[in-house]
**Student:** 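Questions regarding the structure given below will be posed in turn.
Any value given below was found using the heavy atoms of this structure, including those in side chains, with hydrogens, waters and symmetry copies removed. What you see is a predicted model; the values in this text were computed from it and never measured. To find a chain, count down the sequence lines: A is the first, B the second, and so on, and within it residues start at 1.
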Amino acid sequence: MIDIDFARPALEVAPLLLGHELVAIEPDGARISGRIVETEAYASVGDPASHSHRGPTPRTTTMFGPPGGLYVYRIYGMHWCANIACAPDGVGEAVLIRALEPLDGVDRMGERRAAARRPRDLCSGPGKLCAALAITGEDDGVDVRAPDSRVHLTADGVAIAADAAPAESAAPLQGPRIGITKAMDLPWRFGLASDSLSRPFPLS
DNA sequence: TAATAGATCATCT
DNA sequence: GATGATCTATTAG
């Protein structure tokens with residue numbers, strides 16, 4: 001079970017998600033997972049960078065759906081990005097999962113991410129982690145709070161490396177979101193100190 | 001290490 | 001018809 005209430009603004013959920021484990025179950029039962037070390041919040045009203053900014057569309061159905069739904073979309077015609085729907089049903093907010101620290105199934109990740117030269121390259125970006133966990137449009141809409149979902153979340157403390165402990169107690173890193181061309185002034189990107197970030201955070 | 005270009009297409013205007 | 005919540009290989013310094 002996960003101890004996060006997703007029926008709240010994405011801006012509140014984004015930092016809370018850090019440190020939790022994202023899990024994908026393979027068709028053969030294999031467990032692939034990573035620790036969330038980077039997230040971004042996307043709202044609707046007042047956030048022109050968000051897919052939901054201009055109201056619901058067929059693509060953003062899940063983003064406007066019940067909290068805890070996995071919103072998966074294709075970007076640049078070739079990669080997938082995974083988000084978790086936040087706020088009450090009918091409100092279009094979500095948190096983008098931007099990077100994971102590989103935990104289980106590292107070898108399986110490597111098979112799908114041939115370009116990765118070391119473990120830190122396996123899930124250090126929103127498109128990379130979807131490839132590593134085999135998350136596609138097929139998974140759009142699943143409830144990540146349900147332990148029997150193919151893609152779901154688990155609570156803190158599972159197989160987290162001992163040397164990562166100090167970062168847990170510190171306040172999350174925070175900075176502007178990556179890859180957007182609007183609302184670039186909003187510091188809605190959050191992260192933990194990790195070598196698996198998609199990019200470094202600006203220094204204070 | 002840093003900067004740049006190319007891949008590639010569903011989605012929305 | 002333009003535009004991306006990106007990744008990788010390649011080039012230059």
Side-chain angles (χ1 to χ4, degrees), chain A residues 6 9-15 17-18 22 34 36-65 67 69-87 91-102 109-141 144 151 172-192 194-203:
Chain A
F6 291 99
L11 187 54
E12 292 180 19
V13 176
L17 234 26
L18 298 172
L22 183 66
I36 299 175
V37 293
E38 186 181 339
T39 61
E40 281 179 359
Y42 286 87
S44 52
V45 180
D47 183 8
S50 174
H51 288 171
S52 60
H53 180 238
R54 299 190 188 243
T57 66
R59 176 180 61 162
T60 58
T61 297
T62 301
M63 190 171 176
F64 280 88
L70 189 69
Y71 168 46
V72 184
Y73 67 92
R74 209 196 259 294
I75 186 169
Y76 295 117
M78 57 194 87
H79 302 296
W80 297 102
C81 285
N83 308 249
I84 298 173
C86 295
V91 180
E93 300 206 12
V95 174
L96 170 68
I97 309 299
R98 283 197 60 87
L100 304 175
E101 225 168 67
M109 293 183 187
E111 294 173 12
R112 300 205 198 78
R113 299 236 53 246
R117 303 220 158 242
R118 38 200 195 296
R120 58 196 280 182
D121 299 324
L122 290 171
C123 303
S124 56
K128 295 178 187 177
L129 92 248
C130 281
L133 302 204
I135 294 173
T136 70
E138 295 273 304
D139 299 304
D140 182 63
V144 298
V151 179
L173 302 169
Q174 189 171 1
R177 294 173 292 183
I178 305 296
I180 56 174
T181 59
K182 297 173 180 176
M184 304 179 60
D185 53 314
L186 300 176
W188 288 3
R189 176 185 179 225
F190 301 89
L192 299 177
S194 169
D195 61 0
S196 296
L197 294 174
S198 64
R199 288 183 41 178
F201 275 79
L203 308 171

**Student:** With rounding to the nearest 0.5 angstrom, report the CG to CG distance, A/L192 to A/L197.
**Tutor:**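 Interatomic distance, A/L192 CG to A/L197 CG, rounded to 0.5 Å: 8.0 Å.
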**Student:** Dot-bracket, 5' to 3', for DNA chain C please: Watson-Crick or G-U pairs under 3.5 Å, [ ] where pairs cross earlier ones, | where the partner sits on another strand, dots elsewhere.
**Tutor:** ||||.|||||||.
**Student:** Please work out which residues in residues 44-59 of chain A have a non-hydrogen atom less than 4.0 Å from an atom of DNA chain B and list them by number.
**Tutor:**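 A/R54, A/T57, A/P58, A/R59, in order of number.
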**Student:** What distance do A/R98 atom CZ and A/R199 atom CZ have between them, rounded to the nearest 0.5 Å?
**Tutor:**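 If we round to the nearest 0.5 Å, A/R98:CZ and A/R199:CZ are 8.0 Å apart.
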**Student:** Mind listing the residues from residues 69-77 of chain A sitting with a heavy atom below 4.0 Å of DNA chain B? Number order is fine.
**Tutor:**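 Residues of residues 69-77 of chain A under 4.0 Å from DNA chain B: A/Y76, A/G77.
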**Student:** Take atom CZ of A/R177 and atom P of C/dT6, then tell me their distance rounded to the nearest Å.
**Tutor:**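 The distance from CZ of A/R177 to P of C/dT6 comes to 11 Å, rounded to the nearest Å.
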**Student:** Residues two or more places apart in sequence or in another chain: which of them pass ring pair (Phe, Tyr, Trp, His ring centres under 6.0 Å) with A/Y73?
**Tutor:**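 A/Y73 satisfies ring pair (Phe, Tyr, Trp, His ring centres under 6.0 Å) with A/H51, A/Y71 only.
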**Student:** If you draw the axis of the six-membered ring of A/F190, does the NZ or CZ of A/R177 fall within 45° of it and under 6.0 Å from the ring centre?
**Tutor:**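 Checked: cation-pi criterion not met.
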**Student:** For A/N83 versus A/A94, what's the shortest heavy-atom pair and its separation?
**Tutor:**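 Scanning both residues completely, I find the closest heavy atoms to be CB-CB, 4.0 Å.
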**Student:** In whole angstrom, give the distance that lies between atom CD of A/E38 and atom C1' of C/dT6.
**Tutor:**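 A/E38 atom CD is separated from C/dT6 atom C1' by 13 Å.
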**Student:** Roughly, in whole Å, what's the span from CZ in A/R112 to C1' in C/dC7?
**Tutor:**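 Going from A/R112 (CZ) to C/dC7 (C1'), I get 17 Å.
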**Student:** Whole Å only: how far is the CD1 atom of A/I84 from the P atom of C/dA5?
**Tutor:**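 Those two atoms, CD1 and P, are 19 Å apart.
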**Student:** Can you name the residues that form a side chain to side chain donor-acceptor pair (under 3.5 Å) with A/R118, not counting sequence neighbours?
**Tutor:**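 For A/R118, the residues satisfying side chain to side chain donor-acceptor pair (under 3.5 Å) (neighbours in sequence not counted) are A/D121.
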**Student:** Just jot down the side chain to side chain donor-acceptor pair (under 3.5 Å) partners of A/E93, sequence neighbours excluded, or say none.
**Tutor:**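 Side chain to side chain donor-acceptor pair (under 3.5 Å) list for A/E93, sorted by chain: empty.
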**Student:** Just to verify, what does A/T57 make a side chain to side chain contact (heavy atoms under 4.5 Å, CB included) with, not counting sequence neighbours?
**Tutor:**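 A/R59, A/T60.
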**Student:** Flag the pair A/C86 / A/P67 as yes when at least one side-chain heavy-atom distance between them is below 4.5 Å, and no otherwise.
**Tutor:**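 Result no, sub-4.5 Å side-chain heavy-atom pair not found.
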**Student:** For DNA chain C, determine which residues of residues 92-99 of chain A have any heavy atom closer than 4.0 angstrom to one of its atoms, and list them numerically.
**Tutor:**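 Here the set is A/L96, A/R98.
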**Student:** Would you tabulate the side-chain donor-acceptor contacts of residues 125-141 of chain A under 3.5 Å, counting partners in other chains and residues two or more places apart, or write 'none'?
**Tutor:**
unit_1 : atom_1 : unit_2 : atom_2 : d
A/K128 : NZ     : A/S124 : OG     : 3.2
A/T136 : OG1    : A/E138 : N      : 3.1
A/D139 : OD1    : A/R150 : NE     : 2.8
A/D139 : OD2    : A/T136 : N      : 3.1
A/D139 : OD2    : A/R150 : NH2    : 3.0
A/D140 : OD1    : A/T62  : OG1    : 3.2
A/D140 : OD1    : A/V72  : N      : 3.0
A/D140 : OD2    : A/T62  : OG1    : 2.9

**Student:** Can you measure from CD (A/E101) to CD1 (A/I36) and round to the nearest 0.5 angstrom?
**Tutor:**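 The CD1 atom of A/I36 is 11.5 Å from CD of A/E101, to the nearest 0.5 Å.
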**Student:** Rounded to whole angstroms, how far apart are CD1 on A/I180 and C1' on C/dG4?
**Tutor:**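 Spelled out: CD1 on A/I180 to C1' on C/dG4 is 12 Å.
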**Student:** Considering non-hydrogen atoms only, spot the tightest contact between A/S196 and A/L100 and give its length.
**Tutor:**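 Looking at all heavy atoms of both residues, the shortest contact is CB-O, 3.4 Å.
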**Student:** Roughly how far, to the nearest 0.5 Å, is the SG atom of A/C123 from the CE atom of A/M109?
**Tutor:**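 Nearest 0.5 Å value for the CE-SG distance: 4.0 Å.
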**Student:** Could you work out, with side chain to side chain donor-acceptor pair (under 3.5 Å) as the rule, every residue matching A/S50, not counting sequence neighbours?
**Tutor:**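 Counting only residues at least two positions away or on another chain, A/S50 forms a side chain to side chain donor-acceptor pair (under 3.5 Å) with A/S52.
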**Student:** In whole angstrom, what separates A/L186's CG from C/dA5's P?
**Tutor:**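 Between P of C/dA5 and CG of A/L186: 15 Å.
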**Student:** Heavy atoms under 4.0 Å, any strand shown: does A/M63 hit a base, just sugar-phosphate, or nothing?
**Tutor:**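 Base contact.
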**Student:** Give me the first and last nucleotide of DNA chain B, going 5' to 3', that has any atom under 4.0 Å from a heavy atom of chain A.
**Tutor:**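 With heavy atoms of chain A under 4.0 Å away, the range is B/dA7 to B/dT13.
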**Student:** Excluding sequence neighbours, so at least two apart, what forms side chain to side chain donor-acceptor pair (under 3.5 Å) with A/Q174?
**Tutor:**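 Side chain to side chain donor-acceptor pair (under 3.5 Å) list for A/Q174, sorted by chain: empty.
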**Student:** Could you check if a side-chain atom of A/F64 sits within less than 4.5 angstrom of a side-chain atom of A/V91, using non-hydrogen atoms only?
**Tutor:**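 Counting from C-beta outward, A/F64 and A/V91 never come under 4.5 Å.
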**Student:** In this structure, how many angstroms lie between the C1' atom of C/dA5 and the CG atom of A/L129, rounded?
**Tutor:**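 Spelled out: CG on A/L129 to C1' on C/dA5 is 13 Å.
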